[in-house]
Student: 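Sharing a structure here in structure tokens format.
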Amino acid sequence: MEVGKRDGFGSKLGAIMATAGSAVGLGNIFRFPCMAGENGGGAFLMVYLLILLLIGVPMMLTEMIIGRRTGKSVVGALRELSPKKSKWAWCGYVSVMGAVLLLTFYTTISGWTLEYIYKSIANEFANKDVGQIENMFINFHNSKFAPFFWQIVVVLITAVVLSKGIKDGIEKFSMLFMPIMFVVIIVLCVRSLLMPNSIEGVKFFLLPDFSKITEGVILNALGQVFFSLSIGMGCLVTYGSYINKKDNLSKSATYVCIIDTVVALFIGVTIFSAAFSVGINPEMGFGLAFNTLPVIFNQMIGGYFFCILFFISLAIAAITSIISMFEVVVEFFLEEINFSRNKSILITSLLVLFIGFFVTCSLRADSVFIIGGRTLFDLLDAFTSNVLMPVGGLLLAVFVGWSMKKEYFYDELTCGNTIKIGVKEFLYYVIKFVIPIVIIVIFINQWI
Ligand code: PHE
């Protein structure tokens, strides 16, 4: 890199892979199948796809535009683009805070995936039933060091990747591991579909039951779109700031949304076909991956290898998402407080591990970090996904629609009028009116 020149993604594909790395995460593997299963299967999928098209893609584009226009991360970008400078910068602080909080529990779960790669390689699940495997999960949480140890390992991996910079760190890591993850997911999906009676699982997952579409389903679909696409945390603003000025942002955003959705669908098909095939009612939530799936793999020919592959893909998905959240905070320290890159990474790591320690401990049976009957872990999860992310998204949409100059939006979208985007006005009005109204209506409904 030339001295004084800002680091950035080296290629269009690299930018897409890194952004897809942020988007594809635990949200696709845990959250999506659960949401779909609980909210009417194929009916949920249809609502999800509609919201993805109408709100998800424009929101992703909005964040990327803010980032690329300024070449800055979220706080600096908002300050630069708001007419009276600094007025909007405080919204960036909401994003940075959200990213720190999200990291504190996301690193906990990612740590579990590493423990489970180890457990599957050591063949610890062999010949065990659901009850025994469930006990393993509980014992793991209650052990003194293991959960925090793996959380530290996750943070260390992230810190090493980030210390290498954007092109040589984030981009290279994503270009290497994302394709591996795609291959693993396809292999797992095919393996599941080859199991007897797998079609019942596919039907459960994909056949629409329209009677189940309620306000709650729509709300859940919106929350899932935000979570899954990494919207509202400044990650896409930050990654957008590394994208080459000549790249067509609307294409990149569309590709990332397609990759994210296809991965979620493949994982859903994998899990439900396998579960139905062995006659296990797919338990939802974390229990699904950490308790039920090992049992299913036990009953599958070649299950030992497929189990290892599954946890590896889970770890890759989680770590590439963590990298993007970290980068938001690192860039904040770098640009706003003028720390060096390595110092910013160190401070972010310590901050995340400090709060993360209490979050991880809150899951122990003897935990004292329980508020109103809910663990710190649960509370942070709900607060970031249901409050900070939609509010962050709302603020950014309002900013672009009502405060930032319209020309900036069109200029970035069309790469300085060099490409034609037929729907640019439509997109602008969706961001200005539709997105804020939809988010506010959903919020009011939720609180009432
Ligand atoms: N999109 C990630 C997932 O699906 C989560 C995430 C949210 C990542 C916000 C970055 C920022 O798991």
Side-chain angles (χ1 to χ4, degrees), residues 16-36 48 52 56-57 59-60 62-64 67 73-74 92 94-113 154 158 161-162 170 174 177-178 181 185 220-240 253 256-268 285-286 289 313-332 348 352 380-393 395-396:
I16 293 176
M17 281 298 177
T19 316
S22 169
V24 174
L26 301 173
N28 300 61
I29 299 174
F30 288 125
R31 247 174 151 253
F32 188 86
C34 301
M35 286 282 162
Y48 180 88
L52 182 92
V57 182
M59 268 316 299
M60 179 172 281
T62 302
E63 288 206 23
M64 285 176 164
S73 78
V74 64
V94 176
S95 300
V96 177
M97 187 179 90
V100 172
L101 294 183
L102 189 56
L103 275 166
T104 58
F105 67 88
Y106 209 96
T107 47
T108 308
I109 312 170
S110 310
W112 304 348
T113 66
V154 167
T158 309
V161 174
L162 288 183
I170 302 179
S174 312
F177 285 105
M178 291 300 284
M181 187 189 71
I185 288 175
N220 283 336
L222 180 88
Q224 178 61 21
V225 167
F226 269 65
F227 191 87
S228 193
L229 296 181
S230 312
I231 290 168
M233 288 268 132
C235 290
L236 301 167
V237 174
T238 310
Y239 274 19
V256 173
C257 292
I258 293 176
I259 295 175
D260 189 68
T261 310
V262 169
V263 169
L265 287 177
F266 270 59
I267 289 283
F286 298 130
S313 66
L314 202 55
I316 296 175
I319 291 175
T320 46
S321 294
I322 288 181
I323 287 175
S324 71
M325 298 172 211
F326 241 79
E327 185 59 21
V328 172
V329 190
V330 168
E331 275 293 303
F332 167 76
T348 310
V352 168
L380 282 177
D381 179 6
F383 182 61
T384 43
S385 330
N386 298 343
V387 181
L388 283 181
M389 292 181 84
V391 168
L395 291 174
L396 290 177

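In listed order, ligands and their atoms are each counted from 1.
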Student: Name the atoms and distances for all side-chain donor-acceptor pairs under 3.5 Å in residues 94-106, with sequence neighbours left out.
Tutor:
from   : atom 1 : to     : atom 2 : distance (Å)
Thr104 : OG1    : Leu101 : O      : 2.5
Tyr106 : OH     : Leu26  : N      : 2.9

Student: Only heavy atoms of Cys235, strictly under 4.0 Å: list the atoms of ligand 1 that pass.
Tutor: 10 (C), 11 (C)
Student: What protein heavy atom lies closest to atom 6 (C) of ligand 1? Include the residue and the distance to one decimal.
Tutor: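 The closest heavy atom on the protein side is Ser230 OG, 3.7 Å.
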Student: Examine the proximity of ligand 1 to Phe227 and report which part, side chain or backbone, both or neither, has a heavy atom under 4.0 Å away.
Tutor: both
Student: List ligand 1 atoms under 4.0 Å from Ala23, heavy atoms only on the residue side.
Tutor: 1 (N), 2 (C), 3 (C), 4 (O)
Student: At a 4.0 Å threshold, what atoms of ligand 1 neighbour a non-hydrogen atom of Leu102?
Tutor: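 Listed by number with element, the hits are 7 (C), 9 (C).
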Student: Can you name the atoms of ligand 1, numbered from 1 with element, that are less than 4.0 Å from a heavy atom of Gly27?
Tutor: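 So the atoms of ligand 1 that pass are 3 (C), 4 (O), 12 (O).
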Student: Does ligand 1 have an atom under 4.0 Å from some heavy atom of Met389?
Tutor: yes
Student: When you measure from the side chain of Ser22 to the backbone N and O of Ser324, does any donor-acceptor pair fall under 3.5 Å?
Tutor: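 A pair under 3.5 Å: no.
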Student: Check whether any side-chain heavy atom of Ser228 lies under 4.5 Å from a side-chain heavy atom of Tyr48, and answer yes or no.
Tutor: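 Answer yes - side chains close enough.
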Student: Which of the numbered atoms in ligand 1 are below 4.0 angstrom from a heavy atom of Tyr106?
Tutor: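 Result: 2 (C), 3 (C), 5 (C), 12 (O).
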Student: What heavy-atom pair brings Glu63 and Met233 nearest, and what distance separates the two atoms?
Tutor: OE2-N, 4.1 Å
Student: Do you know the tightest heavy-atom contact between Val24 and Asn28?
Tutor: CA-OD1, 3.4 Å
Student: For Ser73, which residues count as a side chain to side chain donor-acceptor pair (under 3.5 Å) partner, sequence neighbours excluded?
Tutor: Glu335
Student: List every atom of ligand 1 that sits less than 4.0 Å from any heavy atom of Ser324, numbering the atoms from 1 in the order shown and giving each element.
Tutor: 10 (C)
Student: Quick one: closest heavy-atom pair of Val57 and Cys257, and the distance?
Tutor: CG2-SG, 3.7 Å
Student: Relative to the heavy atoms of Asn28, which atoms of ligand 1 are at a distance of less than 4.0 Å?
Tutor: 4 (O)
Student: For the 3.5 Å polar cut-off, considering only N or O atoms, please tell me whether Met325 and ligand 1 meet it.
Tutor: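 No, since none of the N or O atoms of Met325 sits under 3.5 Å from an N or O of ligand 1.
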Student: Counting each atom of ligand 1 from 1 as listed, which ones have a heavy atom of Ser228 under 4.0 Å away?
Tutor: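 Listed by number with element: 1 (N), 4 (O).
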Student: Please find the pair of heavy atoms, one from Ala317 and one from Ile29, that lie closest to each other, and give the distance.
Tutor: CB-CD1, 3.9 Å
